[in-house]
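Chain A is the first sequence line, chain B the second, and so forth, proteins listed ahead of strands; every chain is numbered from 1.
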There are 2 protein chains.
Amino acid sequence: MQEALTIGQLAARSGVAPSALRYYERLGLIRADRTGGNQRRYHRSELRRVAFIRIAQQVGVSLDEIRSALDSLPASRTPTAEDWAQLSTAWREGLTEKIRLITRLRDDLDGCIGCGCLSLRRCSLYNPGDQLANEGPGPRLTVPHPHRPSG
Amino acid sequence: MQEALTIGQLAARSGVAPSALRYYERLGLIRADRTGGNQRRYHRSELRRVAFIRIAQQVGVSLDEIRSALDSLPASRTPTAEDWAQLSTAWREGLTEKIRLITRLRDDLDGCIGCGCLSLRRCSLYNPGDQLANEGPGPRLTVPHPHRPSG
DNA sequence: CCTTGAGTTGAACCTCGCTTCAACTTGCAG
DNA sequence: CTGCAAGTTGAAGCGAGGTTCAACTCAAGG
């Protein structure tokens with residue numbers, strides 16, 4: 001097995017610091033074999049897991065959520081393919097929602113902030129159908145809080 | 001001016017805790033007028049700013065980046081519309097990149113993780129053109145780290 | 001006036017996602 | 001076999017993004 005990676009190699013290849021990789025391992029996000037001298041040796045497939053982790057983080061997914069997703073994977077052998085389909089579907093919805101949010105953000109930029117008037121005094125005239133422009137008494141935002149205990 | 005909002009009202013309407021709103025103010029993300037008795041009174045347009053902040057956070061943008069964007073806005077009067085156009089463009093690129101990442105993530109889920117084999121032993125056969133499957137010696141990830149000092 | 005709920009401040013504290021440090025061990029090149 | 005970079009651990013520290021607390025003030029109804 002000349003394919004095993006040291007932590008330094010995985011770090012270099014993934015762009016993630018060794019300390020972060022150890023941290024991920026403690027959280028159960030990735031795993032490593034050990035040499036006789038207790039040093040970590042990574043299967044090359046871990047590189048893919050790390051890539052997945054980093055990308056998910058970039059779009060605002062917490063390590064805990066990522067672990068949940070990763071936990072439901074081939075820990076044993078047979079992947080119970082239907083469970084994964086459900087997992088995949090759940091994530092798909094979340095990701096689609098993220099895309100919706102980003103698009104909304106971008107539209108805000110272009111439509112209102114982009115024109116220099118965040119104050120809405122004039123923008124509301126220009127964006128009659130805008131959801132966010134609805135600032136009278138009524139429904140409110142339902143965007144979940146990323147850093148709240150019981151959010 | 002019956003349109004001014006108390007902090008409690010803004011909190012209720014935006015779904016953001018009063019403590020968070022004060023925190024945002026300290027960071028210069030939002031602003032408030034004061035009553036004679038020193039209490040905050042928010043213009044209704046702040047609701048839109050808060051919405052913007054929350055949405056941006058959801059997709060992994062830091063408060064500091066958000067402030068930078070918001071700072072370049074009608075602090076004085078004339079918005080120097082061309083500067084905003086540049087700002088808007090810069091954000092557009094970042095957001096487009098986020099969408100790319102999310103799509104990649106979703107494809108990973110559907111194409112490889114979704115099938116239950118994150119190990120790539122079989123997936124690489126099914127995804128010959130996959131960028132992330134390139135795990136031999138060569139180029140590596142360039143996804144920036146969200147929580148690193150000099151990332 | 002008095003009460004009471006909402007608001008004020010600063011300081012302390014919390015979780016997340018790491019990094020840094022100290023003290024020590026492995027593993028490989030020469 | 002030596003030397004030294006690279007690895008190991010646990011504990012402490014850090015920055016972001018807030019929450020909680022104590023002590024106090026404001027605002028509106030009765």
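Residues A/Y23 and A/L63 are in side-chain contact: their nearest non-hydrogen atoms beyond the backbone lie under 4.5 Å apart. The closest side-chain heavy-atom distance from B/R41 to B/T6 is below 4.5 Å. In this structure, the side chains of A/L5 and A/R44 come closer than 4.5 Å at one or more pairs of heavy atoms.
Residues B/K98 and B/V61 share a closest heavy-atom pair of CE-CG2, 4.3 Å.
Look at A/Q57 and you'll find a side-chain N or O under 4.0 angstrom from OP1 or OP2 of C/dC18. Note on A/T35: a side-chain N or O is less than 4.0 Å away from OP1 or OP2 of C/dG27. Remark: B/Y24 is not in phosphate contact with D/dG17, judged by side-chain N or O atoms under 4.0 Å from OP1 or OP2.
Of the candidates D/dT8, C/dT26, C/dT8, D/dT8 carries the atom nearest the A/I7 side chain, counting heavy atoms from C-beta on. The B/T6 side chain lies nearest to C/dG7 when the options are D/dG17, C/dG7, C/dT20. Considering only the side chain of B/L63, D/dG18 comes nearest among D/dT8, D/dG18, C/dT9. The nucleotide whose nearest atom lies closest to any side-chain atom of A/S19 is, among C/dT19, D/dA27, C/dG17, C/dT19.
C/dG17 atom P lies 11 Å from atom CZ of A/R67, rounded to whole Å. Distance, A/R26 CZ to C/dT15 C1': 14 Å, rounded to whole Å. One interatomic measurement links the two molecules: CZ of A/R41 to P of C/dT26, which rounds to 13 Å at whole-angstrom precision. Rounded to whole Å, atom P of D/dC21 lies 19 Å from atom OH of B/Y23. One interatomic measurement links the two molecules: CD of B/E25 to C1' of C/dG7, which rounds to 13 Å at whole-angstrom precision. One interatomic measurement links the two molecules: CG of A/L29 to C1' of C/dC18, which rounds to 13 Å at whole-angstrom precision. Nucleotide C/dG7 holds its C1' atom 4 Å from the CD atom of B/Q39, rounded to whole Å. B/R13 has its CZ atom 18 Å from the C1' atom of C/dA6, to the nearest Å.
Between B/E25 and B/R34 there is a salt bridge, since at least one side-chain N of the basic residue sits less than 4.0 Å from a carboxylate O of the acidic one.
Mapping A/R34 and B/D64 onto DNA chain D via the closest heavy atom, the residue that lands nearer the 5' end is A/R34. In this structure, A/N38 and A/R22 both approach DNA chain C, and ranking their closest nucleotides by distance from the 5' end singles out A/R22. Nearest-nucleotide assignment on DNA chain C puts the 5′-proximal partner with A/L27, out of A/G37 and A/L27.
Within 4.0 Å (heavy atoms only), B/R40 reaches sugar-phosphate atoms of the nucleic acid but no base atom.
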